[in-house]
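Okay, structure first, notes after.
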Amino acid sequence: MAATEVQEKPQIVALISGGGSNLQAIIEHIANGIIDAEISLVISNNPAAKGLEKAAAVGIPTAVVDHTEYDSRESFDRELKRHIDAAQPQLVVLAGFMRILTPDFTNHYAGRMLNIHPSLLPEFKGVNTHARAIAAGASQHGASVHFVTSELDGGPLVIQAIVDIDEDDTAAGLAGRVLQQEHIIYPIAVKWFCEGRLSMDGNLVRLDKQPLPIQGIAHRVTS
Ligand code: GRF
């Protein structure tokens, strides 16, 4: 008699630095059965990150790799990699993880690490994106989920949420509306990946084997 094969759910390791609201959104999608996966570990570079409490509250193991205790990006990334690889995840999710990663690190996880960035990439890479979009007179802003490569905020795009900028918008108001959309698009991308539907192929992203447009899938918010 053939042995029964036990199919393990895809394992996810999430890296955070702060509030962990994107992590929370993914946790809820898993709890509701929308994403069929398991978060096996949450790692923060910041010991005070509120997201650590969110993970611990639902019994997800947590670890802290405090970047201030390392004298180089390389040694910090090596320790981070050691923790992640011990968990043997299929997917690494950067969820508000505010560290620049070395090429050795990003290459090691090529095609299996996703990030969310609060702008319509390639516009406004880096920090303070909402204030910069308003100052530039942009009419639209948003968020992008992309595969991580060695180029900061530069990997191939999976999905973007497009949010209109109002005339009297403040950076905080806009950030709040963009964050709401992050909580929609990040779980979608994670779900696709965990279902084996999403892959990185050089500079392209494929969904169900079909190449996506260069901006990824567009999720337009109607107000
Ligand atoms: C989000 O806008 C994320 O895109 C950015 O950090 C913000 C906070 O995220 N990189 P979270 O609440 O910690 O998920």
Side-chain angles (χ1 to χ4, degrees), residues 12-31 35 37 39 41-58 60 62-67 80 91-101 105-106 109 113-134 138 140-149 151-165 169-191 193 215-217 219 221:
I12 299 173
V13 169
L15 307 191
I16 62 166
S17 298
S21 66
N22 278 292
L23 168 68
Q24 181 70 36
I26 295 166
I27 288 173
E28 283 167 14
H29 280 72
I30 291 173
I35 299 175
I39 302 179
L41 179 63
V42 170
I43 308 174
S44 175
N45 65 304
N46 167 16
K50 288 277 173 232
L52 288 170
E53 292 163 26
K54 293 188 169 102
V58 291
I60 299 171
T62 62
V64 173
V65 182
D66 183 346
H67 64 279
L80 205 53
L91 175 65
V92 180
V93 166
L94 307 184
F97 186 65
M98 304 302 283
R99 298 298 302 166
I100 293 174
L101 297 161
F105 185 92
T106 55
Y109 297 106
M113 182 156 65
L114 293 172
N115 181 42
I116 189 154
H117 179 76
S119 80
L120 295 174
L121 289 171
E123 299 291 324
F124 307 113
K125 296 177 178 182
V127 295
N128 300 326
T129 61
H130 312 94
R132 285 161 58 212
I134 292 171
Q140 291 184 321
H141 190 48
S144 308
V145 177
H146 63 95
F147 278 99
V148 177
T149 62
E151 193 194 333
L152 180 68
D153 300 329
L157 293 164
V158 177
I159 183 167
Q160 291 190 316
I162 302 162
V163 174
D164 286 335
I165 299 182
D169 240 332
T170 60
L174 180 58
R177 298 206 310 287
V178 169
L179 193 60
Q180 280 178 3
Q181 299 307 315
E182 293 183 39
H183 300 162
I184 295 170
I185 63 170
Y186 212 0
I188 291 174
V190 169
K191 178 178 168 67
F193 188 94
Q215 306 87 342
I217 298 284
H219 166 71
V221 179

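Sequence positions, counted from 1, serve as the residue numbers for this chain. Note that ligands are numbered from 1 as they come in the structure, with each ligand's atoms numbered from 1 the same way. Owing to the predicted nature of the structure, the values given are computational and were not obtained by experimental measurement.
Counting only heavy atoms of the protein, atom 6 (O) of ligand 1 lies nearest to Gly96 CA, 3.8 Å. For atom 8 (C) of ligand 1, the closest non-hydrogen atom on the protein side is Leu179 CD1, 4.5 Å. Scanning the protein heavy atoms around atom 12 (O) of ligand 1, the nearest turns out to be Ser21 OG, 2.5 Å. Remark: minimum distance from atom 3 (C) of ligand 1 to any protein heavy atom is reached at Glu182 OE1, 3.2 Å. Nearest protein heavy-atom neighbour of atom 14 (O) of ligand 1: Asn22 N, 2.8 Å. Given atom 13 (O) of ligand 1, the protein heavy atom at minimum distance is Gly20 N, 2.8 Å.
There is a side-chain donor-acceptor pair under 3.5 Å between Asn45 and Ser17.
Distances between N or O atoms of Leu23 and those of ligand 1 include no value under 3.5 Å. For a threshold of 3.5 Å applied to N or O pairs, the pair formed by His117 and ligand 1 contains no separation below that value.
Minimum interatomic distance between Val178 and Ala143 (heavy atoms only, all atoms of both residues): CG1-CB, 3.9 Å. In plain terms, the two heavy atoms of Ala37 and Ile12 that are nearest each other are CB-CD1, 3.8 Å. Contact detail for Ser144 and Leu157: the closest heavy-atom pair is CB-CD2, 3.7 Å. Across Lys125 and Arg132, no two heavy atoms sit closer than the pair O-NH1, 2.8 Å.
Heavy-atom separations between Ile116 and ligand 1 include at least one value shorter than 4.0 Å.
No side-chain donor-acceptor contact under 3.5 Å links Thr129 to the backbone of Phe124.
Checking atom 1 (C) of ligand 1 against the protein gives a heavy-atom contact under 4.0 Å.
The distance between the ring centers of His141 and His130 falls below 6.0 angstrom.
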